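Taking it in order: structure first as structure tokens, then the write-up.
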Amino acid sequence: MFKALYERYWTERRDSEAPGAGEAPDEILEAVESALDGGERLLDVGCGMGNVIDVAQGRCGAIHGCDVSEVAVHEASGCGVIGVCADLNCGALPYRSGAFDWVTCLEVIEHVVDPLQLLRELHRVLRPAGRLIMTTPNIRYFRNVARLVWRGEFPHTTTDTFVWGGGHLHYFTRRDLSKLLVGVGFEPPRFLINERQFERSWKRRVLARIIGWERFGEWMCGGIVAVARKP
């Protein structure tokens, strides 16, 4: 079921993305770029069509990726990612333990049936002192809270409409994610804010100074960016 769903999704994405599309800043990749300081081997779990290579190439020696969609993996491989098909809902990832210096998992954990099992696998494939960069929508973002409280509607945390809720099965705050990561053996994560947003918005820059970085990240950022180290 999931495989057929995401094959259709990535086929439609591939066929609809025209040359020159995607010129707007990708704030998720900007945040990853600020955290990624290089290593021999990186694994992007749920790699899609391989966009992570835009920030990882030149920083990491080998860039691997896995995704449930054969269409997505084919496109990622064409970009230079060493791609394999893997269903993230079906147990172990197809990699040996301790194989990677870095793992990225971007806008994926909200899609899987068992987030804890996925996190255990991300922890397993990292070497000691390896690091995970994870992103997911922030359900505590003030627009999401306002929609729930004032409009009485559960917030949609994605613009994808190929299924109800864009395929999101779970929703997280920073505290939720921290508990999950520590629970599977990671050190307490640090949470990042994409600072390039302040170059594009003086209002956000002023607001962050007034309320502080922690509250800004909790309430004013639509996404969570966590970096967690494996002891």
Side-chain angles (χ1 to χ4, degrees), residues 26-48 50-67 76 79-84 86 88 91-112 114-138 170 172-197 213-214 216-218 221-231:
D26 188 323
E27 293 202 1
I28 294 170
L29 289 183
E30 286 181 347
V32 172
E33 185 177 22
S34 71
L36 186 62
D37 58 13
E40 282 298 312
R41 290 164 58 86
L42 176 143
L43 171 64
D44 187 23
V45 175
C47 64
N51 290 344
V52 77
I53 204 164
D54 292 342
V55 296
Q57 198 166 37
R59 295 168 183 256
C60 297
I63 302 165
H64 296 252
C66 62
D67 200 284
C79 296
V81 174
I82 304 168
V84 299
L88 305 185
L93 294 173
Y95 303 100
R96 62 179 174 82
S97 299
F100 297 98
D101 304 291
W102 286 91
V103 170
T104 53
C105 188
L106 312 178
E107 309 299 289
V108 171
I109 191 172
E110 65 274 10
H111 291 266
V112 300
D114 187 352
L116 267 175
Q117 173 61 23
L118 175 62
L119 290 175
R120 292 187 190 104
E121 281 298 290
L122 303 185
H123 184 275
R124 180 184 67 79
V125 300
L126 275 168
R127 65 168 176 78
R131 281 169 285 178
L132 166 69
I133 303 175
M134 172 166 284
T135 72
T136 191
N138 178 17
H170 305 282
F172 303 94
T173 65
R174 284 184 168 192
R175 184 173 296 180
D176 292 329
L177 202 55
S178 182
K179 287 180 178 179
L180 289 172
L181 288 165
V182 171
V184 300
F186 284 99
E187 294 178 353
R190 60 188 177 97
F191 294 100
L192 305 183
I193 294 175
N194 176 22
E195 297 188 29
R196 291 193 189 175
Q197 65 181 292
W213 285 83
E214 186 69 22
F216 186 90
E218 287 272 6
C221 291
I224 299 170
V225 182
V227 182
R229 180 180 179 273
K230 177 178 178 177

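What you see is a predicted model, and the numbers here were worked out from it, not measured in a lab.
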**Q.** Check against side chain to side chain contact (heavy atoms under 4.5 Å, CB included), Val225 and Asn194
**A.** CA-CA 8 Å; Val225 182; Asn194 176 22; over 6 Å; no
Minimum side-chain heavy-atom gap [X]-[Y] below 4.5 Å:
{"X": "Pro137", "Y": "Glu110", "result": "yes"}
{"X": "Leu192", "Y": "Val227", "result": "yes"}
{"X": "Asp54", "Y": "Asp26", "result": "no"}
{"X": "Asp67", "Y": "Leu88", "result": "no"}
{"X": "Cys60", "Y": "Asp101", "result": "no"}
{"X": "Ile193", "Y": "Cys221", "result": "yes"}
{"X": "Leu118", "Y": "Cys105", "result": "yes"}
{"X": "Arg124", "Y": "Arg120", "result": "no"}

Do the side chain of [X] and the main chain of [Y] share a donor and acceptor less than 3.5 angstrom apart?
{"X": "Lys230", "Y": "His123", "answer": "yes"}
{"X": "His170", "Y": "Val112", "answer": "yes"}
{"X": "Arg59", "Y": "Leu36", "answer": "yes"}

[X] side, atom [atom1]; [Y] side, atom [atom2] - distance, nearest 0.5 Å:
{"X": "Trp102", "Y": "Arg127", "atom1": "CH2", "atom2": "CZ", "value": "9.5 Å"}
{"X": "Phe186", "Y": "Met134", "atom1": "CZ", "atom2": "CE", "value": "7.5 Å"}
{"X": "Ser178", "Y": "Arg190", "atom1": "OG", "atom2": "CZ", "value": "13.5 Å"}
{"X": "Leu106", "Y": "Thr135", "atom1": "CG", "atom2": "OG1", "value": "4.5 Å"}
{"X": "Leu177", "Y": "Lys179", "atom1": "CG", "atom2": "NZ", "value": "12.0 Å"}
{"X": "Gln117", "Y": "Leu122", "atom1": "CD", "atom2": "CG", "value": "9.5 Å"}

**Q.** Worked verdict on Ile63 versus Asp44 for side chain to side chain contact (heavy atoms under 4.5 Å, CB included)
**A.** CA-CA 8 Å; Ile63 302 165; Asp44 187 23; 5.6 Å; no
Looking at [X] and [Y], what are the two nearest heavy atoms and their distance?
{"X": "Cys66", "Y": "Tyr95", "result": "CB-OH, 3.6 Å"}
{"X": "Pro188", "Y": "Val182", "result": "CA-CG2, 3.8 Å"}
{"X": "Gly65", "Y": "Val81", "result": "N-CG1, 3.4 Å"}
{"X": "Thr136", "Y": "Glu107", "result": "N-OE2, 3.2 Å"}
{"X": "Ala62", "Y": "Ile82", "result": "CB-CD1, 4.4 Å"}
{"X": "Val55", "Y": "Leu29", "result": "CG1-O, 3.7 Å"}

Q) Hey, are Asp37 and Arg131 close enough for a salt bridge, meaning a charged N less than 4.0 Å from a carboxylate O? A) yes
Q. Quick check: are there more than 12 heavy atoms from other residues, nucleotides or ligands sitting under 6.0 Å from CD of Glu187?
A.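 Yes, enclosed.
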Q: Taking side chain to side chain donor-acceptor pair (under 3.5 Å) as the test, write out the residues that go with Asn51, two or more places apart.
A: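 By the side chain to side chain donor-acceptor pair (under 3.5 Å) rule, Asn51 matches no residue at all.
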